[in-house]
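Just so it is clear: chains get the letters A, B, ... in the order the sequence lines come, proteins before strands, and each one is counted from 1.
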Protein chains: 2
Amino acid sequence: MMTSAKTELIPPDAELVRVIADPLRLQIVTLLARETLCTTHLVEETGARQTNLSNHLRVLREAGVVDTEPCGRFTYYKLRPDVLATLAGSFTALAETARTTAATDRKRPCP
Amino acid sequence: MMTSAKTELIPPDAELVRVIADPLRLQIVTLLARETLCTTHLVEETGARQTNLSNHLRVLREAGVVDTEPCGRFTYYKLRPDVLATLAGSFTALAETARTTAATDRKRPCP
DNA sequence: TGAGAATATCAGCCCATGATGACATCAGCC
DNA sequence: GGCTGATGTCATCATGGGCTGATATTCTCA
C-alpha cells in the first residue's frame, strides 16, 4: 500500500472524549446505541435523578453526540452514529500509529 | 459467520476513557503514538512542569496505557498499542450498533 | 380549562482531581 | 566519593464539574 510515510495523525477530539468520559454519560451513550429512548426510560435504566439526567443530556446534546426528537410530551434521544464513528476512527489511527512505532522501535534519542 | 442476533455489546472501559480524557494525558498519548519518548522530551513538547507530567505518567502507567523502559538515568515511555486498539474496537462497536439502531429506527415505546 | 406528568433550567453545595512546590532518590560523571 | 541532572513522591491548594432541590414550561387528557 502507498500510505505516505508521515501520515498526519489527527488526534481524538479532546472535548468529545471529555464529554463521553463521565461514567453516567458513557452509560447513557451505551444505552442509546442499542435503542432510541426518552428521558423516562433513561431514568429507569440508570436509576439517576431526572434533573441529573437532564443536565447530562444537555451536555451530550451540546457536544453533538445525541439528537432530540420530541414526541408528544416525551423527548426521544438518539445517538449520532457518525460522531462515534469518527471518534472510533481517531483511536484506531492512534493505535495503528502506536503499533508501527512499537514495531520499528522508533524512539527519540536521549539528549 | 454465526454471531448471535443480539451481539453482546461490550461498552468502552469507563476507567480507561476517564484516564485518557484529560487534555494533557491525551496529548501525551498522541505524542507517544508517534515515537517513544522520555520525560525530558515530554516536558519540552508539552511545556508542562516535570512534576505535573510525572503525575500524569503515573496515572497512565497504572492504567496500563504506557510501559516504561529505563535507559540510564532517563526513562522511556512507550504506548501499549493493544490497549488503544481495544478501546478503538469498543467505540467502533458502539458506532455500528448505533448505526443499526438509527437505520431500523429501533425505539422503545413511550410508556 | 384545570390537573398532572414529562422535561428543562437555574443556583448552590461540595468533592474529586489537576497543578504546584519542596523534598527524596538514583544514575552517571568528574 | 561528591556533584549534577533526571525522575518520582508527597502534601497542599484551588477550581472545575457533578449532584441536588426548587421552579418553570409544555404537553395531554379529562
Side-chain angles (χ1 to χ4, degrees), chain A residues 13-32 35-79 107-111, chain B residues 13-32 35-79 107-111:
Chain A
D13 180 351
E15 173 63 12
L16 177 58
V17 178
R18 188 192 68 80
V19 165
I20 293 190
D22 179 85
L24 184 49
R25 286 198 290 263
L26 183 56
Q27 188 183 1
I28 294 173
V29 167
T30 303
L31 287 168
L32 290 181
E35 52 180 345
T36 298
L37 299 171
C38 46
T39 311
T40 307
H41 298 137
L42 289 170
V43 171
E44 297 171 2
E45 293 285 343
T46 64
R49 306 290 182 85
Q50 181 271 324
T51 298
N52 191 11
L53 267 177
S54 188
N55 283 327
H56 283 293
L57 287 170
R58 177 156 53 99
V59 174
L60 289 172
R61 196 189 325 137
E62 289 174 350
V65 180
V66 301
D67 270 341
T68 62
E69 178 191 323
C71 168
R73 66 186 154 166
F74 297 90
T75 304
Y76 273 112
Y77 281 86
K78 55 176 54 181
L79 225 50
K107 59 175 62 174
R108 190 181 301 186
C110 300
Chain B
D13 180 351
E15 173 63 13
L16 177 58
V17 178
R18 188 191 67 80
V19 165
I20 293 188
D22 180 85
L24 184 50
R25 285 197 291 261
L26 183 56
Q27 188 184 359
I28 294 172
V29 166
T30 304
L31 288 169
L32 291 182
E35 51 180 347
T36 297
L37 300 170
C38 46
T39 312
T40 307
H41 298 137
L42 289 170
V43 170
E44 296 171 3
E45 292 285 342
T46 64
R49 306 290 182 85
Q50 181 271 325
T51 299
N52 193 9
L53 268 177
S54 187
N55 283 326
H56 284 293
L57 287 170
R58 176 156 52 103
V59 174
L60 289 172
R61 198 187 325 136
E62 289 175 350
V65 179
V66 301
D67 270 341
T68 63
E69 177 190 324
C71 169
R73 63 187 158 169
F74 297 91
T75 304
Y76 272 113
Y77 281 86
K78 54 177 53 180
L79 226 50
K107 60 174 61 173
R108 190 180 301 187
C110 301

Check: Between B:L60 (CG) and C:dT17 (P), how many Å, whole number?
Finding: 15 Å
Next item on the list: Whole angstrom is fine here: how far is it from CG in A:L42 over to P in C:dA6?
Entry: 14 Å
Next item on the list: Determine whether A:K107 and B:E69 make a side-chain contact, defined as any pair of heavy atoms from C-beta on separated by less than 4.5 Å.
Entry: yes
Notebook entry, point to check: For D:dG5, does OP1 or OP2 lie under 4.0 Å from any side-chain N or O of B:T40?
Noted result: no
Margin query: Quick check: any donor-acceptor pair below 3.5 Å linking the side-chain of A:Q50 to the base of C:dA8?
Written below: yes
Notebook entry, point to check: Taking CG from A:L53 and P from D:dG18, how many angstroms apart are they, rounded to a whole number?
Noted result: 13 Å
Checklist line | C:dC10 pairs with, by Watson-Crick or G-U criteria that keep both distances under 3.5 Å | finding: D:dG21
Next item on the list: Please tell me which of A:A48 and A:C71 maps to the more 5' nucleotide of DNA chain D, matching each residue to the nucleotide holding its nearest heavy atom.
Entry: A:A48
Check: Nearest-Å distance, CZ (B:R25) to C1' (C:dA19)?
Finding: 12 Å
Item checked: Sugar-phosphate only, base, or nothing, as touched by A:S54 at under 4.0 Å among non-hydrogen atoms -> base
Check: Hey, are the side chains of B:L31 and B:T46 touching, using non-hydrogen atoms and a 4.5 Å cut-off?
Finding: yes
Margin query: At 4.0 Å (heavy atoms only), tell me whether B:Y77 reaches a base, stays on the sugar-phosphate, or touches nothing.
Written below: sugar-phosphate
Check: Considering only side-chain heavy atoms of B:R73, which listed nucleotide, D:dC19, C:dA27, D:dT7, is closest?
Finding: C:dA27
Next item on the list: Measure the distance from CZ on A:R18 to C1' on C:dA16 and round it to the nearest whole Å.
Entry: 14 Å
Margin query: Assess the residue pair A:Y77 and A:H41 against the criterion (side chain to side chain contact (heavy atoms under 4.5 Å, CB included)); give the C-alpha distance rounded to whole Å, side-chain angles, the decisive distance to 0.1 Å, and a yes or no.
Written below: CA-CA 10 Å; A:Y77 281 86; A:H41 298 137; over 6 Å; no
Note to self: From CD of B:E15 over to P of C:dT17, roughly how many Å is that when rounded to an integer?
What the structure shows: 8 Å
Notebook entry, point to check: What integer distance in Å separates B:F74:CZ from D:dA6:P?
Noted result: 6 Å
Item checked: Atom of B:V29, atom of B:L60 and distance for their closest heavy-atom approach -> CG2-CD2, 4.2 Å
Note to self: Taking the minimum atom-to-atom distance to the side chain of A:H56, which one of C:dG18, D:dG18, C:dA8 wins?
What the structure shows: D:dG18
Next item on the list: Check every atom of D:dG8, D:dT9, C:dT9 against the side chain of B:R58 and return the nucleotide holding the closest atom.
Entry: D:dT9
Checklist line | Spacing of B:E62 atom CD relative to C:dG18 atom P, expressed in whole Å | finding: 12 Å
Notebook entry, point to check: Does any N or O donor sit under 3.5 Å from an N or O acceptor when you compare the side chain of B:N55 with the base of C:dT17?
Noted result: no
Next item on the list: Determine the contact category for A:D22: base if any of its heavy atoms lies under 4.0 Å from a base atom, sugar-phosphate if only primed atoms, P, OP1 or OP2 are that close, otherwise nothing.
Entry: sugar-phosphate
Notebook entry, point to check: Reckon B:T51 touches a base, only the sugar-phosphate, or nothing at all at heavy-atom distances under 4.0 Å?
Noted result: base
Check: Should A:C110 and B:C71 count as side-chain neighbours, where that means a heavy-atom distance under 4.5 Å?
Finding: yes
